[in-house]
Amino acid sequence: MSPRERHYWLMKSEPDAFSIDDLKRKKQEAWDGVRNYQARNYMRDGMRVGDKVFFYHSNCAEPGIVGIATVATDAYPDPSQFDPRSKYFDPGSSRDNPRWLLVDVKFAKRLKRTITLKELQADAALDGMVLLRKGSRLSVQPVEAAHWEHILALE
DNA sequence: GCCAACGTTGGC
DNA sequence: GCCAACGTTGGC
């Protein structure tokens, strides 16, 4: 792998299911359960170990960015797709040709405060951000370097 | 809980 | 390949 500019990402999680505090406690976690091809492709083809990730809380009282994680592994098959008892089981996938890949993410920091979706939406400097596009539901998405820096400065 | 937006599935 | 039906996401 040749050196390259650092890439930045945003990953959504419902805090009731897995929160930034859960990641802090566990230190590192396999990002399982992604069942969207575009999100998978970002993990498989875009992410490199060391890339930085905004941890976003979705589907909760105050949606927003709550912490920072780093990509800890290359992509590998999501074990939950092979487990018939898992809600993420995919009978259409096989071990020979796994459909779903994931990366591990490692806890880096919890933000002192939540940078709320509302606040991001109101910020003209973030126009065009994937998260803010109408109807955008992508749970793993790229963040432009300029947007990353701008958001960091909001904390 | 509602519902708009989106992605997937499957009949044709 | 089209598209209606269905399931999911996620803000509100």
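Just so it is clear: chains get the letters A, B, ... in the order the sequence lines come, proteins before strands, and each one is counted from 1.
- Interface residues of residues 55-63 of chain A facing DNA chain C, ordered by number: A:Tyr56, A:Ser58, A:Asn59, A:Pro63; criterion, heavy-atom separation under 4.0 Å.
- The ring of A:Trp148 has its center closer than 6.0 angstrom to the ring center of A:Phe54.
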Under 3.5 Å, which protein N or O atoms sit close to an N or O of nucleotides 4-8 of chain C? Give each pair with its distance.
residue, atom, partner, partner atom, Å
C:dT8, O2, A:Arg137, NH1, 2.8

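- Look at A:Asp78 and A:Arg35 and you find a salt bridge, because one of the NZ, NE, NH1 or NH2 atoms lies within 4.0 Å of a carboxylate O, short of that distance.
- To the nearest angstrom, P of C:dG10 lies 14 Å from CG of A:Leu132.
- Within the structure, every side-chain polar atom (N or O) of A:Lys12 is placed at least 4.0 Å from both OP1 and OP2 of C:dT9.
- Taking each heavy atom of A:Ile20 and A:Ile68 in turn, the nearest pair found is CD1-N, 4.5 Å.
- Between the C1' atom of C:dG11 and the CD atom of A:Gln121 lies a distance of 8 Å, rounded to the nearest Å.
- At whole-Å resolution of the value, CG in A:Leu120 and P in C:dC12 are 11 Å apart.
- For an aromatic pair to be called close, the ring centres must be under 6.0 Å apart, and A:Tyr42 with A:Trp31 fails this.
- The 5' end of DNA chain B is approached more closely, in terms of each residue's nearest nucleotide, by A:Lys134 than by the other of A:Lys134 and A:Arg99.
- For A:Lys118, the NZ atom sits in a loose shell: 12 or fewer heavy atoms of surrounding residues, nucleotides or ligands are nearer than 6.0 Å.
- Distance A:Leu138 CG to C:dT9 C1': 11 Å, rounded to the nearest Å.
- Ring orientation note: the planes of A:Trp9 and A:His7 are tilted relative to one another, at an angle of 30° to 60°.
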Worked check of side-chain contact (heavy atoms from CB on, under 4.5 Å) between A:Val53 and A:Tyr8: CA-CA 6 Å; A:Val53 178; A:Tyr8 300 99; over 6 Å; no
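- With sequence neighbours left out, the side chain to side chain donor-acceptor pair (under 3.5 Å) criterion links A:Arg95 to no other residue.
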